[in-house]
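Have a look at the structure below before the remarks.
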Amino acid sequence: MYVSSIRGRRNKPESCSWGMARRREDGPLTETVRAQVMVGPRRPLQERRYAAPRPEPGGAILETVASEVCGTDVHLYHGRLAGVPYPIIPGHVSCGRVLEVNGALKDVEGQEVPVGTLVTFYDVYGICGACWHCLVAKAGTRCPHRRVYGITTSAEEGLLGVWAEQIELRPGVRVVPLPDSLDALDFMGGGCGLPTGFHAVERAGVALGDTVVVQGSGPVGLNAAVFAGLAGALRVLVVGAPQARLDAARRMGAEDVLDVTVVTDPTERIRWVRERTAGRGGDVVIEASGNPAAVREGLEMIRDAGRYVVVGQYTDAGDVTLNPHAHLNRRHATVLGCWGYEFTHLHRAIAMMARHNGRFRWRELVTREYRLRQASEALEDMERLAVVKAVIRPE
Ligand SMILES: [Zn+2]
Ligand SMILES: [Zn+2]
């Protein structure tokens, strides 16, 4: 099967016109690829070499062009996520060129994705479509068979994380070819915050004319601000830090921003929101900060009968005390959690990025690019918020 797919591909001009694919076909079978491996929480990253992967039937291999370092990777480094099978190859959002396929690789429209195409992929696979969660609850992001690249996949299983020169796409992993108007850095400027922010805004049900408050100015918060505006919000207010991220928030459509390192009293921050909403609070508040204390504060930023979406508490950062009477019942609040994102969010968010990239210029969120061997440095920079978006370019 594998040999025939190689032979079949040799006859196709697009694979021969693309340098890496040709080298791969003609090169020795002992070729190896490098990956950065997180052996355990707070332990130095290791660079390991893997035998060049071969696609399974229905699978594909990507040559990595750019990979994201995101807040989740910092949480993985801190050991704050349960059930992570260390050692892992971190990184779950990436762009790459299709290097090799084993059987036709197709996009969601049914179009063949030829070797050499620049794609990203939905980092979740194995959602079974057959269990109680999938069929009865219709909550695919909670399917117990769901697996996520760079988070629930072990480095012993293969190149199933994206801080690597090549990535194995298992059969069933869905690719999204990047629209012609977007290059790898455009997409990586959005990264996983793009579909996550999109999902949070969809979950919030932002209506025309709403005032939306976003807590947190990291990539999820910034993308939530963009999509809240595109969804019809009249005004978007962002509460976050540091200043560079708040400057980005203004560029991404925030009418006003508040620096939490300058205004450190939550009561003052709640007042700041109320002053801008006729004393009532926001119609929608989206929590994208990762700080549990922000939840209590955010519930006091919504208006009566407002909506609150929690998307920033991806890891367990601790408990918070609420007053059920004041925060929920009397306020007639709608409170929603937002876990991960589905393929639909990735697909539609990329289409929206392609349409609006001239205005929001996502690639400007990429503060710094790193080589693969500089992954530790990228992780440290993310940890201390020295960058808005860190991108690893292996080549
Ligand atoms: Zn399932
Ligand atoms: Zn991420």
Side-chain angles (χ1 to χ4, degrees), residues 36 38 64 66-78 80-81 83-84 88-96 120-153 160-164 167 170 172-174 176 184-185 187-200 216-224 227 245 288-290 311-315 317 338-346 349-350 353 362 365-367 370 375 378-379 381-383 385 387-392:
Q36 286 283 324
M38 192 181 279
T64 311
S67 291
E68 176 179 43
V69 179
C70 85
T72 298
D73 303 312
V74 176
H75 296 320
L76 292 170
Y77 180 65
H78 291 163
R80 292 231 311 256
L81 218 57
V84 176
I88 59 168
I89 300 173
H92 52 113
V93 172
S94 185
C95 275
T120 186
F121 65 96
Y122 181 48
D123 59 346
V124 172
Y125 68 103
I127 291 177
C128 72
C131 72
W132 182 89
H133 294 83
C134 287
L135 288 179
V136 180
K138 293 188 176 176
T141 64
R142 298 302 301 145
C143 173
H145 306 287
R146 175 183 190 266
R147 304 199 65 202
V148 188
Y149 275 77
I151 299 175
T152 69
T153 48
L160 301 177
V162 303
W163 295 3
I167 303 160
R170 289 280 165 91
V173 172
R174 302 312 308 241
V176 182
L185 276 189
F187 174 70
M188 295 317 299
C192 69
L194 183 87
T196 307
F198 184 99
H199 188 192
S217 51
V220 174
L222 294 174
N223 281 288
F227 288 118
R245 290 182 171 202
S289 75
V311 67
Q313 308 289 320
Y314 186 71
T315 56
C338 186
W339 182 249
Y341 53 86
E342 296 179 69
F343 181 83
T344 180
H345 303 114
L346 178 66
I350 290 172
M353 176 188 261
W362 271 270
L365 298 180
V366 178
T367 318
Y370 303 77
L379 197 59
D381 287 348
M382 274 307 287
E383 189 178 20
L385 306 184
V387 288
V388 179
K389 181 62 79 183
V391 168
I392 293 175

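Ligands are counted one by one from 1 in listed order, and the atoms in each one are counted from 1 as well.
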**Prompt:** What is the distance from atom CZ of F198 to atom CG of N223, rounded to the nearest 0.5 Å?
**Reply:** 11.0 Å
**Asked** Looking at the Zn ion (ligand 1), is one of the N, O or S atoms of H133 less than 2.8 Å from it?
**Response** no
**Message:** Distance check, rounded to the nearest 0.5 Å: H75 atom NE2 versus Y314 atom OH?
**Reply:** 9.5 Å
**Message:** Are the side chains of H145 and H133 in contact, using a 4.5 Å heavy-atom criterion?
**Reply:** no
**Message:** Holding to salt bridge (Lys or Arg N to Asp or Glu O under 4.0 Å), I want the full list of residues that pass it with R170, two or more places apart in sequence or in another chain.
**Reply:** E56
**Message:** Test your reading of the model: is there a side-chain donor-acceptor pair from T141 to the backbone of G340, 3.5 Å cut-off?
**Reply:** no
**Message:** So, at under 2.8 Å, which protein N, O or S atoms would a careful student list around the Zn ion (ligand 2)?
**Reply:** C70 SG, H92 NE2, C192 SG
**Prompt:** Vertex the Zn ion (ligand 1): angle to SG of C131 and SG of C134, to 10°?
**Reply:** 110°
**Request:** State whether the side chain of E342 and the backbone N or O of G140 hold a donor-acceptor pair below 3.5 Å, judged by distance alone.
**Result:** no
**Prompt:** Does any N, O or S atom of C143, backbone or side chain, fall under 2.8 Å from the Zn ion (ligand 1)?
**Reply:** yes
**Asked** Between T120 and V176, is there a donor-acceptor pair closer than 3.5 Å when you use the side chain of the first and the backbone of the second?
**Response** no
